Protein chains: 2
Amino acid sequence: MGVTKTEIFTEEQNQLATLLKALAHPARIAILQRMMVANTCICGDLVGELGLAQATISQHLKELKNAGLIQGTIEGVSVCYCIHPENWKKLEQHLNGFLKEFKGPVSCC
Amino acid sequence: MGVTKTEIFTEEQNQLATLLKALAHPARIAILQRMMVANTCICGDLVGELGLAQATISQHLKELKNAGLIQGTIEGVSVCYCIHPENWKKLEQHLNGFLKEFKGPVSCC
DNA sequence: TCTATATATTGCAATATTACGATTAATTAA
DNA sequence: TTAATTAATCGTAATATTGCAATATATAGA
């Protein structure tokens, strides 16, 4: 009934799904890409550059933060966001581990 | 509202988000893992093994197929599903390209 | 043909997500 | 203190997702 049955899956499967869900939105991908190419903190520059309202961007940032993908520190009036290095590495490993489970095509279908 | 504003993002960002969304559910991750470790076709074995109703699994398979992540061929009464090799490779490359944009930590936050 | 088996589709209820205006909270500068 | 700036939160509307029972469809075998 509209709610995912997390209890029937492994901790790993649920965790990966949660991480992927946090990534699975063009606005959040755009936000992360900006942080990565800037290679520095991004404050409120996002609003106006992305074409979404301030409340919406704040919401997306919150989701990325909850997923542990970014971190933010208060910098005077504004807030300074950037990629969370350790967790990003973990995400890379987790995802690569998943993708690499596929051992190449076996002519069947 | 409540609908993603795809028109303000790049084609690339939207595509990646769509792929990630297809992956972002524990049931679909579980299904893909089974296909990968089996390294062969999976027919209806999924029902009963996963703990979800047949209609629900059929729905998840459809989503994975729409995203191009799996392919299925009719094999008598049952249907034979497996990973779509080319698209899986593309996904790997697309995702790696995205993850690798991060050039390591720059002490800022 | 009739029956059994396997999968897809439909319709629906419960819940989640997306987006934004309005408001609130916190900090800086005057 | 007051005003300005920035970001978070609240409330709400629109839409999407998840899950399942019921039903439909399709094939194989008797």
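The chains referred to below are lettered A, B, ... by the order of the sequence lines, with proteins before strands, and numbering in each begins at 1. The analysis underlying the following values was restricted to heavy atoms, covering all of them including side chains, and did not include hydrogens, waters or symmetry mates. Keep in mind the model is a prediction, meaning the values are calculated, not measured.
- Considering only the side chain of Thr4(B), dT18(C) comes nearest among dA8(D), dA8(C), dT18(C).
- Within the 4.5 Å cutoff, side-chain heavy atoms of Leu19(A) are placed close to those of Leu69(A).
- Taking atom CG of residue Asp45(A) and atom P of nucleotide dT5(D), one finds them 16 Å apart after rounding to whole Å.
- With the nearest nucleotide of DNA chain D identified for both Phe9(A) and Ser78(A), Ser78(A) has the one nearer the 5' end.
- Interface residues of residues 47-57 of chain A facing DNA chain D, ordered by number: Gln54(A), Ala55(A); criterion, heavy-atom separation under 4.0 Å.
- Residue Leu46(B) contributes atom CG, which lies 14 Å from atom P of dG19(D) at whole-angstrom precision.
- Ile70(B) has its side chain out of reach of Asn87(B): every pair of non-hydrogen atoms, C-beta onward, lies at least 4.5 Å apart.
- When all heavy atoms are compared, the tightest approach of Ala24(B) to Ala17(A) is CB-O, 3.9 Å.
- Residues Lys65(A) and Tyr81(A) meet the side-chain proximity criterion, which asks for heavy atoms closer than 4.5 Å.
- If you measure from atom CD1 of Ile8(A) to atom C1' of dC20(D), you get 13 Å, rounded to the nearest angstrom.
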Write down the protein N/O and nucleotide N/O pairs, taken from nucleotides 25-30 of chain D, whose separation is under 3.5 Å; answer none if there are no such pairs.
none

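- Contact of the Val79(A) side chain with the Thr73(A) side chain is not registered, since no non-hydrogen atoms from C-beta on lie closer than 4.5 Å.
- No chain of hydrophobic side-chain contacts below 4.5 Å, direct or via other Ile, Leu, Val, Met, Phe, Trp or Tyr residues, connects Val47(B) to Val77(B).
- Distance Arg28(B) CZ to dG19(D) C1': 12 Å, rounded to the nearest Å.
- Comparing Ser58(B) and Ala24(A) along DNA chain C, the residue whose closest nucleotide (by nearest heavy atom) sits nearer the 5' end is Ser58(B).
- Remark: C1' of dT17(C) and CG of Leu20(A) are 17 Å apart, rounded to the nearest angstrom.
- Counting only heavy atoms from C-beta outward, the side chains of Glu7(A) and Lys5(A) approach each other to under 4.5 Å.
- Between Leu50(B) and Ile8(A), every side-chain heavy-atom pair lies at or beyond the 4.5 Å cut-off.
- For the pair Lys21(A) and dA16(C), the criterion of a side-chain N or O lying under 4.0 Å from OP1 or OP2 is not met.
- Under 4.0 angstrom from either OP1 or OP2 of dA8(D) there lies at least one side-chain N or O belonging to Tyr81(A).
- The two atoms that bring Ala22(B) and Leu64(B) nearest to each other are O-CD2, 3.9 Å, heavy atoms only.
- The aromatic rings of Phe9(B) and His25(A) sit perpendicular to each other, their planes meeting at more than 60°, with 30° as the lower class boundary.
- The two residues Met36(A) and Trp88(A) come nearest to each other via the heavy atoms SD-CZ2, 3.7 Å.
- Proximity of Leu23(A) to Leu32(A): side-chain heavy atoms (C-beta onward) are separated by under 4.5 Å at one or more points.
- The nucleotide whose nearest atom lies closest to any side-chain atom of Val3(B) is, among dA8(D), dT15(D), dG19(D), dT15(D).
- For residues 59-69 of chain A, proximity to DNA chain C is found at Gln59(A), His60(A), Glu63(A), defined as any non-hydrogen atom under 4.0 angstrom from a strand atom.
- The nearest whole Å value for the distance from the CD atom in Gln71(A) to the C1' atom in dA7(D) is 18 Å.
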